[in-house]
K.L.:
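Handing you a structure now.
Here is how names work: the chains are called A, B, and so on, in the same order as the sequence lines, proteins then strands, and each is numbered from 1.
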2 protein chains.
Amino acid sequence: MPTNNSHRYSAHEQEIMKKMGLRVRQLREASSLSQEKLAELAHVHRTYISTIERGQQNISLTILIRLADVLGVSLATLFEDT
Amino acid sequence: MPTNNSHRYSAHEQEIMKKMGLRVRQLREASSLSQEKLAELAHVHRTYISTIERGQQNISLTILIRLADVLGVSLATLFEDT
DNA sequence: GTGTGACTTGAAGTCCGTC
DNA sequence: AGACGGACTTCAAGTCACA
């Protein structure tokens, strides 16, 4: 997602998207993976991980599943703090 | 989602999509809501709820948030069993 | 009140590059 | 190694008609 599309989502939704991004980043770094490596393992594009971690993506369920799998956590764990 | 696109997702992904759908249906019925009413409250289309509950939708995060909100549960709770 | 196929459109997600 | 942009393709999202 390019530049600023913040108007598309409510403040509440943006907040959760940001939290999800930070959570992914935390878990990725805890696994000592680069964005590139995580992207490769989860079969998503390198630049997409970047936008996710910055809270700019409205991620779909299948992508969330793949990320959870690679990061070695359950989906529930991924949403723990939201 | 039109016709049969089941080939698009892995068995694992389809399984979770189905579980999510059942979970939504359970929570909706526990709240004594019709699909129509849930749709109205969550600001999504009636027929979309139908496809979600049958596990045919690769739901995005924002839709999950709206459903969780209306159903009165956290996102983590929504993913409890997966 | 719900399931489903057909359809449109905006966003998800990819791929190239530069900084 | 990561942020970010532009252009592109694929699909989620939303609507309708009918069963």
K.L.:
Please find the pair of heavy atoms, one from A:Leu75 and one from A:Ala68, that lie closest to each other, and give the distance.
P.N.:
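Minimum heavy-atom separation between A:Leu75 and A:Ala68: CD2-CB, 4.2 Å.
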
K.L.:
Are A:Arg8 and A:Glu13 close enough for a salt bridge, meaning some N to O gap below 4.0 Å?
P.N.:
no

K.L.:
If the helix axis at each end comes from five base pairs, how far does the helix from C:dT2-D:dA19 to C:dC19-D:dG2 deviate from straight, to 10°?
P.N.:
40°

K.L.:
Kindly point out which of D:dG14, C:dG13, C:dT2 is positioned nearest to the side chain of B:Tyr48?
P.N.:
D:dG14

K.L.:
Looking only at side-chain atoms of B:Tyr9, point me to the closest of C:dG13, D:dA3, D:dA12.
P.N.:
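Between C:dG13, D:dA3, D:dA12, the one nearest the side chain of B:Tyr9 would be D:dA12.
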
K.L.:
If you measure from the Lys or Arg side-chain nitrogens to the Asp or Glu carboxylate oxygens, is any gap between B:Glu53 and B:Arg28 under 4.0 Å?
P.N.:
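Salt bridge present between B:Glu53 and B:Arg28.
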
K.L.:
Taking atom types as they are modelled, is there a donor-acceptor pair under 3.5 Å from the base of C:dG1 to the side chain of B:Arg28?
P.N.:
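Counting by modelled atom types and ignoring angles, no donor-acceptor contact under 3.5 Å is found here.
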
K.L.:
Taking the basic N atoms (NZ, or NE/NH1/NH2) and the acidic carboxylate oxygens, is any pair closer than 4.0 Å for A:Glu40 and A:Lys37?
P.N.:
yes

K.L.:
Using whole Å, report how far CG of B:Leu61 lies from C1' of D:dA12.
P.N.:
13 Å

K.L.:
Under a 3.5 Å cutoff, is there a donor and acceptor pairing between the side chains of A:Thr47 and A:His45?
P.N.:
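The criterion, which ignores hydrogens and geometry beyond distance, is satisfied for A:His45 and A:Thr47.
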
K.L.:
Side-chain contact test, heavy atoms from C-beta onward, threshold under 4.5 Å: evaluate it for A:Leu38 versus A:Val24 and give yes or no.
P.N.:
yes

K.L.:
Take the protein atom CD of B:Gln57 and the nucleotide atom P of D:dT10, then report the distance between them rounded to whole Å.
P.N.:
19 Å

K.L.:
I want to check one thing: is the phosphate of C:dG3, taken as OP1 and OP2, less than 4.0 Å away from some side-chain N or O of B:Gln35?
P.N.:
yes

K.L.:
Is a donor-acceptor pair below 3.5 Å formed from side chain A:Arg54 to base D:dG2, judging by atom type as modelled?
P.N.:
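Check fails, no donor-acceptor contact within cut-off.
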
K.L.:
Side chain to side chain donor-acceptor pair (under 3.5 Å) between A:Arg46 and A:Ser50: does it pass, once the steps are laid out?
P.N.:
CA-CA 7 Å; A:Arg46 170 176 75 72; A:Ser50 174; over 6 Å; no

K.L.:
Strictly distance-based, threshold 3.5 Å: is any side-chain N or O of B:Gln14 a donor or acceptor partner for the main-chain N or O of B:Tyr9?
P.N.:
yes

K.L.:
For B:Ile59 and for B:Arg46, locate the closest nucleotide of DNA chain D by heavy-atom distance; then report the residue assigned to the nucleotide nearer the 5' terminus.
P.N.:
B:Ile59

K.L.:
Expected output is a numbered-order residue list: members of residues 73-80 of chain A with a heavy atom under 4.0 Å from any atom of DNA chain D. What is it?
P.N.:
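Contacting residues: none.
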
K.L.:
Just how far, in rounded Å, is P of D:dC11 from CE of B:Met17?
P.N.:
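Taking atom P of D:dC11 as the reference, CE of B:Met17 is at 12 Å.
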
K.L.:
How many whole angstroms separate atom CZ of A:Arg8 from atom C1' of C:dG10?
P.N.:
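Rounded to whole Å, this separation is 7 Å.
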
K.L.:
In whole Å, I'd like the distance from the CD atom of A:Glu40 to the C1' atom of C:dG13.
P.N.:
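One finds 18 Å between C1' of C:dG13 and CD of A:Glu40, rounded.
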
K.L.:
So, do B:Glu80 and B:Thr77 sit near enough that their side-chain heavy atoms are less than 4.5 Å apart?
P.N.:
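Yes, side chains in contact.
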
K.L.:
OP1, OP2 of D:dA1 versus side-chain N and O of A:Arg25: anything below 4.0 Å?
P.N.:
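Result: no.
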
K.L.:
Send over the distance from A:Arg66 CZ to C:dA12 P, rounded to a whole Å.
P.N.:
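In whole Å, C:dA12 P and A:Arg66 CZ are 15 Å from each other.
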
K.L.:
Let me know the distance between CD1 of B:Ile52 and C1' of C:dG3, rounded to the nearest Å.
P.N.:
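Spelled out: CD1 on B:Ile52 to C1' on C:dG3 is 14 Å.
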
K.L.:
I want to verify a distance call: between D:dA17, D:dG5, D:dG2, whose nearest atom is closest to the B:Thr47 side chain?
P.N.:
D:dA17

K.L.:
Closest to the A:His45 side chain: D:dA17, D:dC11, C:dC16?
P.N.:
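Among the listed nucleotides, the one closest to the side chain of A:His45 is C:dC16.
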
K.L.:
Nearest to the side chain of B:Ser60, which nucleotide is it out of D:dA12, C:dG3, D:dA3?
P.N.:
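Within the option list, the nearest is D:dA12.
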
K.L.:
Which pair of heavy atoms, one from B:Leu61 and one from A:Met20, lies closest together, and at what distance?
P.N.:
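What the structure gives for the nearest pair is CD2-CG, 3.9 Å.
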
K.L.:
From the list D:dA13, C:dG1, C:dT4, which nucleotide is the closest neighbour of the side chain of B:Glu36?
P.N.:
C:dG1

K.L.:
In whole angstrom, what separates B:Ile49's CD1 from D:dA12's C1'?
P.N.:
14 Å

K.L.:
Phosphate oxygens OP1/OP2 of C:dA11: is one of them under 4.0 Å from a side-chain N or O of A:Asn58?
P.N.:
no

